[in-house]
Visitor: 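My structure is below; once you've seen it, I'll send some questions.
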Amino acid sequence: MAQLTCKNLSISYGNNLALKDVSFEINSGDYVCIVGSNGSGKSTLLKGILGLIPRKAGEIFFDKTVKSGQIGYLAQQTNIQRDFPASVYEVVISGCLTKRGIKPFYSRKEKDTALKNLKRLEIEQLMHKSYKNLSGGQQQRVLLARALCSTEKILFMDEPINGLDPKVAQDFYALVKGLNEEDGLTVVMTSHDIGEAMKYANKMLHLDTSVVFYGKIEDYLSSDISKRLFGGHSHGKH
Amino acid sequence: MENIRVLFSQGFIIRALVVGIMVSLCASLLGATLVLKRYSMIGDGLSHVGFGALTVAMVFNLAPLQVSIPIVVLAAFLLLRLSESSKIKGDSAIALISSTALAFGVIVTSLSGGMNVDVSDYMFGSIFAISKNDVYLSVALSIAVIILYVLFYNKIFAITFDENYAKATGTNVGLYKMLLAFLTAITIVVGMRIMGTLLISSLTVFPALTAMRLSKNFKSVIITSSLVSVVCFFVGIIASFNFDLPAGASIVMANLGAFIVFWVIGLVLKRE
């Protein structure tokens with residue numbers, strides 16, 4: 001039973017068709033990496049699934065285990081303001097809002113969830129620090145903690161390591177992989193770095209306005225598309 | 001001291017103080033979000049629309065608040081819409097609407113016999129401008145704004161910090177932004193009587209900016225700016241009474257003073 005089903009999805013910006021007839025299913029516990037060149041529709045696909053941009057045609061649905069809005073999302077960093085006065089704790093607990101519905105204040109339960117996720121990502125010592133004063137890697141962990149407050153099921157990440165230095169990026173990937181393997185969190189990530197992404201994902205979605213390939217990493221490596229990209233070697237580096 | 005005792009023995013001063021404190025609180029609560037979401041100019045635009053509405057109310061001898069509130073609320077929704085459309089950039093759209101409304105107000109006044117004392121009061125604010133009937137409505141509206149803000153505080157934080165995330169995780173962002181526009185509109189209309197059309201937007205912008213010099217989290221920005229706002233209102237009113245200055249302008253000057261003090265402290269703390 002698929003956790004997320006995307007059926008004949010098309011999205012356009014004005015007259016430009018950004019995504020055409022995209023269909024795929026993602027199962028619980030999958031780690032899917034969406035790859036493709038610039039302008040292939042990777043970010044558009046994520047935003048479409050999350051309802052941030054209107055879709056032209058097609059359907060997207062989650063199975064019953066993912067309650068409405070209970071998903072996590074790590075956007076490309078650019079849209080958060082640099083001078084925003086918010087503490088790490090305030091940012092993380094805001095991820096619990098979805099579960100509150102119309103009820104105005106956080107209860108003990110949400111406060112515990114926020115603390116648990118701060119500990120899980122080893123950032124509890126930053127709790128009262130100002131978000132704007134953190135390093136890029138720390139900020140990304142804070143946003144991941146917020147995402148984990150929103151969901152235990154499925155996490156979407158749009159180029160999550162953009163702007164992080166390689167060591168910090170490695171740590172971040174390892175952290176997400178741990179959540180995927182130990183907690184069964186489904187991960188859907190876009191990346192322009194195919195080689196790096198293949199180390200962690202178990203499924204590959206190669207996009208070029210339409211789906212070029214979707215399936216297991218192993219099958220992707222032996223497919224014609226990857227042979228063309230990597231010149232016949234299946235080492236996963238380019 | 002003698003002056004202050006005289007101050008508190010006057011009915012109109014008490015009325016102005018009560019309404020002023022309530023409006024200062026409302027304005028400072030909303031201010032943080034308006035500043036951080038780059039909506040500062042919406043307050044300014046709305047006050048000009050409020051001026052246009054007030055002149056019409058005056059010419060036709062209608063109750064000023066009852067006429068201007070619905071008009072300004074509608075304008076707030078329109079401005080919000082415009083500031084998000086990509087065709088005309090938000091700030092220029094606001095400038096268009098606010099100057100048009102101001103021009104409309106000026107034409108209406110000149111057709112009806114030119115600038116009189118009342119109009120000048122609306123432009124620059126006056127503590128005499130609030131009638132007894134207005135006080136009850138103003139206070140009730142302010143309390144409603146504060147209650148709604150507190151109830152939706154967490155949602156407002158989430159939308160201010162990261163609108164896309166809130167939207168992706170199922171918060172009805174459009175609805176809460178309408179709520180913000182609504183609360184801002186009410187605060188502006190109630191506050192412009194004391195502060196004046198031309199000065200009311202400073203009441204939303206100044207305390208938030210002042211608090212942000214020192215505060216490290218959102219809650220302390222909100223609390224600090226509320227305190228700053230109320231204290232500056234008092235200082236401004238007392239100065240205005242003592243030295244016979246216009247109330248709105250004195251309050252703005254008090255806010256400027258607070259801003260400079262906080263800014264310097266912030267610089268010193270950073271240095272250490």
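Letters A, B, ... mirror the listed sequences (proteins, then strands); counts begin at 1.
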Visitor: What part of B/Thr169 lies closer than 4.5 angstrom to a heavy atom of chain A: side chain, backbone, both or neither?
Guide: both

Visitor: Given heavy-atom pairs under 4.5 angstrom as the criterion, report whether the side chain, backbone, both or neither of B/Val150 touches chain A.
Guide: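 For B/Val150, heavy atoms of backbone and side chain both lie under 4.5 Å from chain A.
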
Visitor: Which answer fits A/Tyr89, side chain, backbone, both or neither, if we ask what part of it has an atom under 4.5 Å from a heavy atom of chain B?
Guide: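 Neither part; nothing is under 4.5 Å.
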
Visitor: How about B/Met178: does its CE atom have over 12 heavy atoms from other parts shown lying under 6.0 Å from it?
Guide: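 No, the 6.0 Å shell around CE holds no more than 12 heavy atoms from other groups.
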
Visitor: May I ask you to test the B/Thr160-A/Phe84 pair for a side-chain heavy-atom distance under 4.5 Å?
Guide: yes

Visitor: Which atoms form the tightest heavy-atom contact between B/Tyr153 and A/Glu90, and what is the distance?
Guide: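 Closest approach of B/Tyr153 to A/Glu90, heavy atoms only: OH-OE2, 3.7 Å.
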
Visitor: Would you indicate whether B/Lys216, at its atom NZ, is surrounded by more than 12 heavy atoms from other residues, nucleotides or ligands within a distance under 6.0 Å?
Guide: no

Visitor: If you define the side chain from C-beta out and look only at heavy atoms, does anything of A/Pro85 sit under 4.5 Å from B/Leu36?
Guide: yes

Visitor: Are B/Tyr165 and A/Ser150 packed together at the side-chain level, in the sense that at least one heavy-atom pair is separated by less than 4.5 angstrom?
Guide: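 When only atoms from C-beta onward are counted, A/Ser150 and B/Tyr165 do touch, with a gap below 4.5 Å.
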
Visitor: If you count heavy-atom pairs under 4.5 Å with chain B, which of A/Leu52, A/Val88, A/Ile71 comes out on top?
Guide: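 Top option by heavy-atom pairs under 4.5 Å: A/Leu52.
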
Visitor: Is a side-chain donor or acceptor of B/Asn154 paired with a backbone partner of A/Pro104 at a separation under 3.5 angstrom?
Guide: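 Side chain of B/Asn154 to backbone of A/Pro104, a donor-acceptor pair under 3.5 Å: yes, one is there.
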
Visitor: Other residues, nucleotides and ligands only: do more than 12 of their heavy atoms fall within 6.0 Å of CZ on B/Phe182?
Guide: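 Not buried by this count: 12 neighbours or fewer within 6.0 Å.
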
Visitor: Sort A/Tyr106 into side chain, backbone, both or neither according to what part of it lies under 4.5 angstrom from a heavy atom of chain B.
Guide: both

Visitor: Sort out for me which of A/Gly51, A/Ala86, A/Cys96 touches chain B most, counting heavy-atom pairs under 4.5 Å.
Guide: A/Ala86

Visitor: Are there over 12 heavy-atom neighbours, none belonging to A/Tyr13, within less than 6.0 Å of that residue's OH?
Guide: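 For A/Tyr13, atom OH is crowded (more than 12 foreign heavy atoms under 6.0 Å).
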
